[in-house]
Protein chains: 2
Amino acid sequence: MAQERALPSVVERMWGREPVTRRGPRPRLNLAAITAAAIEIADAEGLAGVSMAAVAARVGVAATALYRYVESKEDLLTAMADAAAPLPPEPEGRTWREYLAVWTRTHRDILLDRPWLLSVAGSVPPMGPRRLLWLDRALASLDGTGLDDGEKINVASALTGYALTDAALVHAVAGGDPRMEEAGIKGAADYGEVLAGVLDPETYPALSAAMRSGAMRGAEGWMDDGDFVFGLDLLLDGIEALIRRRALEGHGGGE
Amino acid sequence: MAQERALPSVVERMWGREPVTRRGPRPRLNLAAITAAAIEIADAEGLAGVSMAAVAARVGVAATALYRYVESKEDLLTAMADAAAPLPPEPEGRTWREYLAVWTRTHRDILLDRPWLLSVAGSVPPMGPRRLLWLDRALASLDGTGLDDGEKINVASALTGYALTDAALVHAVAGGDPRMEEAGIKGAADYGEVLAGVLDPETYPALSAAMRSGAMRGAEGWMDDGDFVFGLDLLLDGIEALIRRRALEGHGGGE
DNA sequence: TTAAAACTATGAACGTCATACACAGTACGC
DNA sequence: GCGTACTGTGTATGACGTTCATAGTTTTAA
């Protein structure tokens with residue numbers, strides 16, 4: 001039986017494999033141009049501004065013309081999620097730990113720069129050329145550590161996840177939600193203060209104590225850079241421990 | 001100056017503080033009933049089925065009546081994200097590590113049970129009674145470890161993030177996207193196989209090698225339970241290292 | 001007991017959006 | 001040069017979130 005497996009058609013286009021056509025007018029557009037326009041809108045107005053009509057207007061065609069290049073708006077978002085990724089950092093002779101730290105931080109910074117990515121990135125497994133390049137570089141940095149391929153992928157997944165959730169949290173606490181600003185909550189300190197007033201110390205003993213002790217207040221407050229490094233080091237320490245364990249187990253191709 | 005800080009009105013209602021009214025007809029509904037109906041719909045049909053009209057129909061009022069209890073659909077989603085959380089697991093005399101392992105796994109399983117939560121959970125900082133109860137229990141489990149409150153919160157955040165991204169990944173790879181099934185990609189193994197066919201070994205050396213080596217294939221494939229435990233242990237090992245470090249530094253309240 | 005006040009739910013209406021479909025125009029193959 | 005296959009357009013549709021004026025209901029005050 002012939003293999004039925006293929007890439008979804010958007011993904012095919014993300015890899016530059018636009019269908020070869022012989023007859024008919026030359027296409028005026030291509031997926032990359034459409035995606036770039038959509039990203040510009042998202043950067044300027046957020047995801048809410050990205051309507052098919054708005055994107056089409058920006059590239060100079062009617063709204064329905066986009067459906068020649070994309071099967072649905074979902075497809076467009078998928079393409080955006082990949083195209084928005086810049087090139088991953090260069091290894092430059094760094095150790096795996098140094099490199100993965102930079103890799104994760106850059107990853108997070110990209111998400112903070114483009115908060116709309118947060119709403120899109122988690123939904124689809126990475127299949128585009130840019131995101132997979134990031135994955136490749138993470139795996140490459142772990143060459144010679146003794147981890148097997150599956151473990152390397154898991155490590156990269158965990159770091160990706162950390163970048164994503166840290167960015168989501170920072171964004172949410174620091175002005176991501178207009179309702180918070182309306183309520184006068186402008187940052188982590190306010191957030192903690194309000195919570196401290198609401199929590200019943202009997203049902204929330206540990207949390208209300210933490211809030212009252214001012215864990216969210218001051219210069220060493222919540223969600224500054226130190227907190228990012230903190231969580232990142234948690235993961236990297238765990239990875240380092242694993243690598244050391246593998247090294248002790250012997251370097252053979254064991255089970 | 002009087003403190004302007006307050007909770008957004010939905011959040012106020014999530015805490016049971018519905019506004020006290022004296023005159024006029026008794027409200028037929030409350031936020032909890034609306035939220036419960038919305039959750040039932042989301043469980044049955046996914047987030048796409050949750051329209052204001054559908055929710056209103058389920059509780060037996062006109063669509064516009066909901067706006068007496070909620071300022072926007074966003075508000076409703078926020079309330080759903082909190083109400084969907086069950087009670088956190090009980091400590092039952094477990095060590096912090098045992099407890100946080102159960103806590104994180106349960107957290108992830110909830111997200112897999114209700115994939116629609118994935119699209120909602122990351123957007124807003126937890127401010128509702130249920131989600132904060134989870135946070136409280138995580139902090140409580142770290143009592144006596146020598147970590148300060150800020151560190152405890154960071155630990156809980158990192159674990160929350162891990163639960164979230166692991167669930168998102170499992171969901172995405174295993175049937176979360178109808179486009180994948182259309183393309184004949186039914187699981188991680190197919191995913192790996194297709195990628196192996198697309199990747200150019202020169203630009204993606206590490207990744208294409210991993211795919212060709214079959215890292216995603218077979219019983220020890222991608223995204224089974226072992227992979228969840230793998231990443232979780234990474235984090236827990238890191239936390240354990242931190243706790244040990246703190247214990248050595250001395251038990252005083254020093255910086 | 002009555003009148004005003006305050007609040008609830010309703011129905012109709014609006015603007016926006018994603019998308020389907022039939023059509024007109026265009027370039028290539030024969 | 002004719003047919004074919006493909007591209008972009010215009011129109012239309014149905015769903016959705018939300019606004020607003022209104023009718024109806026319960027409580028307060030006289």
Side-chain angles (χ1 to χ4, degrees), chain A residues 9-10 12-13 17-35 37-38 41-42 45-80 116 119-120 123 178-179 182, chain B residues 9-10 12-13 17-35 37-38 41-42 45-80 116 119-120 123 178-179 182:
Chain A
S9 73
V10 213
E12 202 84 47
R13 276 203 162 93
R17 303 210 147 274
E18 313 257 346
V20 193
T21 62
R22 323 208 139 256
R23 296 235 237 284
R26 289 276 166 66
R28 279 228 291 268
L29 303 170
N30 53 56
L31 180 61
I34 296 172
T35 305
I41 296 176
E45 315 171 29
L47 254 202
V50 181
S51 65
M52 297 301 267
V55 175
R58 184 168 260 263
V59 293
V61 298
T64 55
L66 300 186
Y67 289 91
R68 293 273 161 203
Y69 303 88
V70 150
E71 280 174 2
S72 67
K73 188 180 180 180
E74 274 266 333
D75 277 5
L76 177 56
L77 295 175
T78 302
M80 289 171 71
W116 55 268
S119 321
V120 174
S123 327
R179 291 172 296 179
E182 260 174 49
Chain B
S9 73
V10 214
E12 202 83 47
R13 276 203 162 92
R17 302 210 146 275
E18 313 259 345
V20 194
T21 63
R22 322 208 138 257
R23 296 233 238 283
R26 290 275 167 65
R28 280 227 293 268
L29 302 171
N30 52 58
L31 180 61
I34 296 172
T35 305
I41 296 175
E45 314 170 31
L47 254 201
V50 181
S51 66
M52 297 302 266
V55 175
R58 184 169 261 262
V59 294
V61 298
T64 56
L66 299 186
Y67 288 90
R68 292 275 155 203
Y69 303 88
V70 151
E71 281 175 2
S72 66
K73 187 180 180 180
E74 274 265 334
D75 276 5
L76 177 55
L77 295 176
T78 302
M80 289 171 70
W116 54 268
S119 321
V120 174
S123 327
R179 289 171 295 178
E182 259 174 49

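Lettering follows sequence order; numbering is per chain, from 1. All figures in this text were calculated on a predicted structure; none of them were measured in a lab.
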Rounded to the nearest 0.5 angstrom, the CD-CG distance for B:E18 and B:L29 is 10.0 Å
Whole-Å distance, A:D75 CG to C:dA18 P, equals 14 Å
Margin query: Check this for me: does any side-chain nitrogen of one of A:R179 and B:E74 sit under 4.0 Å from a carboxylate oxygen of the other?
Written below: yes
Heavy-atom nearest pair, B:G49 first then B:I41, reads O-CG2, 3.4 Å
Identify the pairs formed between an N or O of the protein and an N or O of nucleotides 26-30 of chain D at a distance under 3.5 Å, and give each distance.
unit_1	atom_1	unit_2	atom_2	d
D:dT26	O2	B:G24	N	3.2
D:dT27	OP1	B:R26	NH2	3.2
D:dT28	O4'	B:R23	NH1	3.1

Nearest heavy-atom approach of A:A56 to A:A63 is CB-CA, 3.4 Å
Rounding to 0.5 Å, atoms CZ (B:R13) and CD (B:E71) come to a distance of 8.5 Å
Between D:dT9 and A:R28, is there an OP1 or OP2 to side-chain N/O distance shorter than 4.0 Å? yes
To the nearest angstrom, the CE-P distance between A:M52 and C:dA20 comes to 10 Å
Contact check, residues 55-71 of chain B vs DNA chain D, heavy-atom distance under 4.0 Å, returns B:T64, B:Y67
Distance col, row A:L47:CG vs A:L77:CG, nearest 0.5 angstrom, shows 6.5 Å
Here the distance between atom C1' of D:dC16 and atom CG of B:L77, to the nearest Å, is 14 Å
Quick one: does A:Y69's side chain have a donor or acceptor within less than 3.5 Å of a partner on A:I34's backbone? no
Q | B:M52/B:L76 under side chain to side chain contact (heavy atoms under 4.5 Å, CB included): CA gap, chis, key distance, verdict | A | CA-CA 9 Å; B:M52 297 302 266; B:L76 177 55; 4.2 Å; yes
Separation of D:dC6 atom C1' from A:E18 atom CD, nearest Å, is 15 Å
Atom NZ of A:K73 and atom P of C:dA20 are separated, to the nearest Å, by 15 Å
